[in-house]
Amino acid sequence: MVVATAGPPGPGLAVTGFRLLNLAMNPAKVLTYDLIISSAPPERAGTASGSAETGDELGIAVGVAIAGSIGAAVYRAQLAGDAIPAATPTAVAETARDTLASAVAAADELPAHGAAQLLAVVKAPHEPQEHHGGNCHEQRRQQHG
């Protein structure tokens, strides 16, 4: 909710989001670690601490993997169908649908005008947009279509 009303995306918004997340998560993590370590016998406290840390790191890794998978799926969905300019060769269009970095590299194979059109389409979801109501994705398609 906070991110939705905070304004355009950027490094400042990301830093603020991580700070809020840490402020919310750290007290819970401290209490959880304390509960885990204090419930173990003194001779097993090191094992309990290591297990808690391993679980924490595993949870972070799985969370990052899930977030990355969702991000990739959203990117590909935004470029599905006729979102990529019709003049773009099929091989270049398929490469552009993989990742933003692939799209930028694939644009190098196109003439200047075609590259500019392709880059405008693939970068549009990543650039700050003014919201004027309605379906912003459809508005972007109309601008580039």
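One is the number of the first residue; the rest follow in order along the sequence.
Counted within 6.0 Å of CZ on Arg76, heavy atoms from surrounding residues, nucleotides or ligands total more than 12; the atom is thus considered enclosed.
Ile66 and Leu58 fall within the same hydrophobic cluster, defined by Ile, Leu, Val, Met, Phe, Trp and Tyr side-chain heavy atoms under 4.5 Å apart, directly or through other members. No single ILVMFWY cluster, assembled from side-chain heavy atoms under 4.5 Å apart, contains both Ile60 and Tyr33.
Neither side chain, Ser51 nor Thr54, offers a donor N or O lying under 3.5 Å from an acceptor on the other.
Across all their heavy atoms, Leu79 and Ala96 have their closest contact at CD1-O, 3.7 Å. Shortest non-hydrogen contact noted between Ile84 and Ala93 is CD1-O, 3.6 Å. Contact detail for Tyr75 and Ala103: the closest heavy-atom pair is OH-CB, 3.6 Å. Scanning all heavy atoms of the two residues, the minimum distance from Val104 to Lys123 falls at CG2-CE, 4.1 Å. Between Ala115 and Ala107, the shortest heavy-atom contact is CB-O, 3.3 Å.
Side-chain atoms of Leu35 and Leu31, non-hydrogen and from C-beta on, never get closer than 4.5 Å to each other. Under the 4.5 Å side-chain criterion, counting only non-hydrogen atoms from C-beta, Val122 is not in contact with Arg97. Contact of the Ile36 side chain with the Ser49 side chain is not registered, since no non-hydrogen atoms from C-beta on lie closer than 4.5 Å.
Counting only distance, with no hydrogens or angles, the side chain of Ser69 and the backbone of Ala65 share a donor-acceptor pair below 3.5 Å. A donor-acceptor pair is defined here as one N or O able to donate and one able to accept, closer than 3.5 Å; no such pair exists between the side chain of Ser102 and the backbone of Asp98.
The structure places CG of Leu119 at 8.5 Å from CG of Leu110, a figure rounded to the nearest 0.5 Å.
Within the structure, salt bridge (Lys or Arg N to Asp or Glu O under 4.0 Å) pairs that include any residue of residues 17-32 comprise Lys29-Asp56 (at least two apart or interchain).
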